[in-house]
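These figures come from a predicted structure and were not determined experimentally. Computed over heavy atoms, backbone and side chain alike; hydrogens, waters and symmetry mates excluded.
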Number of protein chains: 2
Amino acid sequence: MKLSKSTHYALHTMLHLTLSHAEGHTSVSKLAGHQQVSTTYLSKILTKLVKAGLIVSVPGANGGYKLKANWQETTLLDVIQAVEGLPPIFDYCEDHNPSCIIQQSIQKAEKNFLEELGTMKIADLAEEARNVPHH
Amino acid sequence: MKLSKSTHYALHTMLHLTLSHAEGHTSVSKLAGHQQVSTTYLSKILTKLVKAGLIVSVPGANGGYKLKANWQETTLLDVIQAVEGLPPIFDYCEDHNPSCIIQQSIQKAEKNFLEELGTMKIADLAEEARNVPHH
DNA sequence: CCTATTATAGATAATGTGTGTCTATAATAG
DNA sequence: CTATTATAGACACACATTATCTATAATAGG
Ligand code: SF4
Ligand code: SF4
């Protein structure tokens, strides 16, 4: 029961891209500079965000990454699922008995958890982060 | 982001012990017989439940496991935390910046998730399971 | 064009965790 | 005393995560 280190990198990158959105593209080397992660490893994670449609990439000189068109709508859930794939939290159960009370109970809690993450917009977090020192 | 297979075994065992609570102790070999798991492996998981105080063990002939005294209060959260340890879902963050907005947001959702699991009593699940075919 | 820059993709390795087995020990009932 | 049962430790295995290295493709600018 955890969120991976990769997800942590992705969330920080999304927060940074949102805060510096007006400045155009940002290269992976600059994005990695804000965290303790290599450029090659971070680039693999960012490619997942690109394929999920959360950010846009431009190769070549002066290229890099920027947020997608309607970036204001992106939520924590979008980023988490882009990196980790679709859940499920209750890993072992392969849905082979829909009437099972254990499965039902955990999936109910899981659903609420994901829905709450789906209401948390990166743009809102960035707005709050402007007012607070960050490391 | 997942719950382990061991947790699955633990939940099924707790459900079974609750359903057959009137019958006294049950040996690990019988409990393992209801699932596809070896006795030695399941016994390690059950020992965690014993140390967490959720069940009681008696060694020796005619020994086995039974639920603790006020077994009606045990929740899904109790079982999960007994097996997996205390969370955290957001693994990488070691609490080193309480003002971080990412940490705050995820911990808020996590707190609600755990609280919901804390309201789900095994005894209630067992009561519902009596009315439904189970595999 | 040519070159520097940048993203992408593949192969590969290191690490850690979950899963599982085997064996030995301790405790209890009869 | 013996059979039964829980507990504990050592160990092995599979798998996912993390990470590095290298090669390739695409773009900007001269
Ligand atoms: S018994 Fe229930 S929880 Fe276990 S695998 Fe089947 S459906 Fe899932
Ligand atoms: S920056 Fe925030 S989320 Fe990342 S490790 Fe620090 S406190 Fe945790």
Measure the distance from [atom1] on [X] to [atom2] on [N] and round it to the nearest whole Å.
X: B:Ile80; N: C:dG18; atom1: CD1; atom2: P; value: 15 Å
X: B:Ile45; N: C:dT21; atom1: CD1; atom2: C1'; value: 14 Å
X: A:Lys5; N: C:dT15; atom1: NZ; atom2: P; value: 13 Å
X: B:Tyr9; N: C:dT19; atom1: OH; atom2: P; value: 8 Å

Counting the atoms with a prime plus P, OP1 and OP2 as sugar-phosphate, which does [X] contact under 4.0 Å by heavy atoms, base, sugar-phosphate, or nothing?
X: A:Ser6; result: sugar-phosphate
X: B:Ser57; result: sugar-phosphate
X: B:Lys48; result: nothing
X: B:Thr47; result: sugar-phosphate
X: A:Val37; result: nothing
X: A:Lys30; result: nothing

* DNA chain D: 5'-most and 3'-most nucleotides touching chain A, 4.0 angstrom heavy-atom criterion ->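 Nucleotide range in contact with chain A: D:dT18 to D:dG29.
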* Asked: Starting at the 5' end of DNA chain C and moving along, which residue's nearest nucleotide shows up first, B:Tyr41 or A:Gly60?
  ->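 Looking at the nearest nucleotide for each, A:Gly60 comes out on the 5' side.
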* Minimum side-chain heavy-atom gap A:His25-A:Asn62 below 4.5 Å -> no
* **Flag side-chain contact, heavy atom, 4.5 Å: A:Thr18 against A:Thr74** =>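 The answer is no, as the side chains (C-beta and beyond) never meet within the 4.5 Å cut-off.
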* To do: Check the pair B:Gln35, B:Thr13 against side chain to side chain donor-acceptor pair (under 3.5 Å), reporting the backbone distance first and the verdict last.
  => CA-CA 9 Å; B:Gln35 312 170 49; B:Thr13 301; 3.1 Å; yes
* Asked: Do B:Val83 and B:Val56 belong to the same hydrophobic cluster, where Ile, Leu, Val, Met, Phe, Trp and Tyr are linked whenever their side-chain heavy atoms lie under 4.5 Å apart, directly or via other members?
  ->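 In one cluster with B:Val83: B:Val56, no.
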* Asked: Can A:Tyr41 be reached from A:Ile55 by stepping across I, L, V, M, F, W or Y side chains whose heavy atoms are under 4.5 Å apart?
  ->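 Yes; tracing contacts between hydrophobic side chains, which count when under 4.5 Å, links both residues.
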* Determine whether the aromatic ring centres of A:His12 and A:His16 lie less than 6.0 Å apart. => no
* To do: Output yes when at least one side-chain N/O atom of B:Ser38 is less than 4.0 Å from OP1 or OP2 of C:dT21, else no.
  => yes
* To do: Using only side-chain N and O atoms of B:Ser4, determine if any of them is under 4.0 Å from OP1 or OP2 of C:dT19.
  => yes
* Asked: Can a donor-acceptor pair be found between the side chains of B:Ser4 and B:Thr7 at a distance below 3.5 Å?
  -> yes
* To do: Go ahead and name the base partner of C:dG30; Watson-Crick or wobble counts if both distances stay under 3.5 Å, otherwise write none.
  =>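 The answer is D:dC1, by the H-bond criterion.
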* **Base-pairing mate for D:dT24 - Watson-Crick or G-U, with both contacts under 3.5 Å** =>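 Across any shown strand, D:dT24 pairs with C:dA7.
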* Heavy-atom donor-acceptor pair, B:Lys44 side-chain to C:dG18 base, under 3.5 Å -> no
* Closer to the 5' end of DNA chain D via nearest nucleotide, is it B:Tyr65 or B:Ala61? ->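 Going by which nucleotide is closer to the 5' end, it is B:Ala61.
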